[in-house]
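Just so it is clear, the structure is predicted and the values come from calculations on it, not from any experiment.
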Amino acid sequence: MRFRNLAINLGAIAIFAAIALSLQFPKLNQRLSGQTLEETRKGVIEEEARLKVIRQLPSRGFGFNNMIANFTFLQFLQYFGDDISRNKFQTGYSLSPRYFENIIERDPRFLSSYLYMSASVSMFAGAPRDAINIYEKGLRSLNPDIQPTAYTAWRYKATDHLLFLGDAKGARESYLKAAEWADRVSSTAKTFEDPKLAADLSRQSAKWLEKERDLTKAQVGAWSLVLQNAVDKKTVQIIAQEVDKLGMKIDIQNDRLVIVPKNSSK
């Protein structure tokens, strides 16, 4: 039982780490190497304004909602890949939820975007509750009979519930929905993984969560990943508030921010 506990926790954390690394590859910021702090801050303000304009467009998007979602996703990739702005000038990833609110609202069937959202919003922006809210809106428009891999969105949602919010009930419900949807996938459907295996793993996770579990270690591990990628004060403050609820605090060790028990001494 302890081994299964550890395997599930480490497996979920490993998924987030892999996603985070994959998001780092597009170095779209090379052309921005000469930018200044003032220009960067101005750019963030302008981008936030653009996202607000997109959000205020008519719900039908003049018939171009898919195109709007695709354009917003490309803008997100540029925003996320701009390491100079995010890291050197410490503007952080606070706009990530705003991008995905627009993307999922305009095209909830854009399944690939859920994968990016899970890491960028929950991990980098430190806003797992925002991610959960966006998932819930998008999942209303998904249909496993039309989108065979739609069950993956439930699995991403379950991971956010489990690791970042410590919500065993929410995670269990999401895992069960993932299993239910995966079971409905036709044997002739083309998928990147075996839906039957995904269904079995989801049910196993749900079964494990039936009993009361101490998810503290899993949460601390998840928030530690967020902290490693935090580059702005706002995200660090959010992390500090969340780990405080877990009896932990943020400390500086070897010139790095780390999460330690509140009663620990340097």
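Qualifying side chain to side chain contact (heavy atoms under 4.5 Å, CB included) partners for Ala131, counting only residues two or more places apart in sequence or in other chains: Val121, Ser122, Tyr135, Asp160. Shown here are the salt bridge (Lys or Arg N to Asp or Glu O under 4.0 Å) partners of Lys169, two or more places apart in sequence or in another chain: Glu173. Taking the ring pair (Phe, Tyr, Trp, His ring centres under 6.0 Å) definition, one finds that Phe100 meets it with Phe76, sequence neighbours left out. Legend: residues meeting side chain to side chain donor-acceptor pair (under 3.5 Å) with Ser94, ordered by chain and number and at least two apart, are absent. Applying the side chain to side chain contact (heavy atoms under 4.5 Å, CB included) test to Leu37 and every residue at least two apart in sequence or in another chain returns Arg41, Phe89. A search for salt bridge (Lys or Arg N to Asp or Glu O under 4.0 Å) contacts involving Glu242 returns Arg129, Lys245, not counting sequence neighbours. For the salt bridge (Lys or Arg N to Asp or Glu O under 4.0 Å) test, no residue two or more places apart in sequence or in another chain qualifies with Glu38. A search for salt bridge (Lys or Arg N to Asp or Glu O under 4.0 Å) contacts involving Asp244 returns Lys262, not counting sequence neighbours.
The OH atom of Tyr79 lies 6.0 Å from the OG1 atom of Thr91; values are rounded to the nearest 0.5 Å. Atom OG1 of residue Thr36 and atom NZ of residue Lys42 lie 10.0 Å apart, to the nearest 0.5 angstrom.
Ring geometry, Phe73 versus Tyr116: the interplanar angle exceeds 60°, so the pair is classed perpendicular (tilted spans 30 to 60°).
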For residues 104-112, which side-chain N or O atoms pair as donor and acceptor with protein atoms under 3.5 Å away, sequence neighbours left out?
unit_1: Glu105; atom_1: OE1; unit_2: Arg55; atom_2: NH1; d: 2.9
unit_1: Arg106; atom_1: NH1; unit_2: Pro58; atom_2: O; d: 2.7
unit_1: Arg106; atom_1: NH1; unit_2: Asn65; atom_2: OD1; d: 3.0
unit_1: Arg106; atom_1: NH2; unit_2: Ile54; atom_2: O; d: 2.9
unit_1: Arg106; atom_1: NH2; unit_2: Leu57; atom_2: O; d: 3.1
unit_1: Asp107; atom_1: OD1; unit_2: Arg109; atom_2: N; d: 3.4

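Cluster partners of Ile45 are absent, since no Ile, Leu, Val, Met, Phe, Trp or Tyr has side-chain heavy atoms less than 4.5 Å from it. Hydrophobic side-chain contacts under 4.5 Å tie Leu201 into a cluster, directly or through other members, with Leu197.
Two residues are said to be in side-chain contact when any heavy atoms from C-beta on lie closer than 4.5 Å; Val220 and Val243 fail this criterion.
Counting non-hydrogen atoms of neighbouring residues, nucleotides and ligands closer than 6.0 angstrom, the NZ atom of Lys196 exceeds 12 such neighbours.
Contacts classified as salt bridge (Lys or Arg N to Asp or Glu O under 4.0 Å) and involving residues 175-188 (residues at least two apart or in different chains) are given here: Asp145-Arg184, Lys177-Glu180, Asp183-Arg203.
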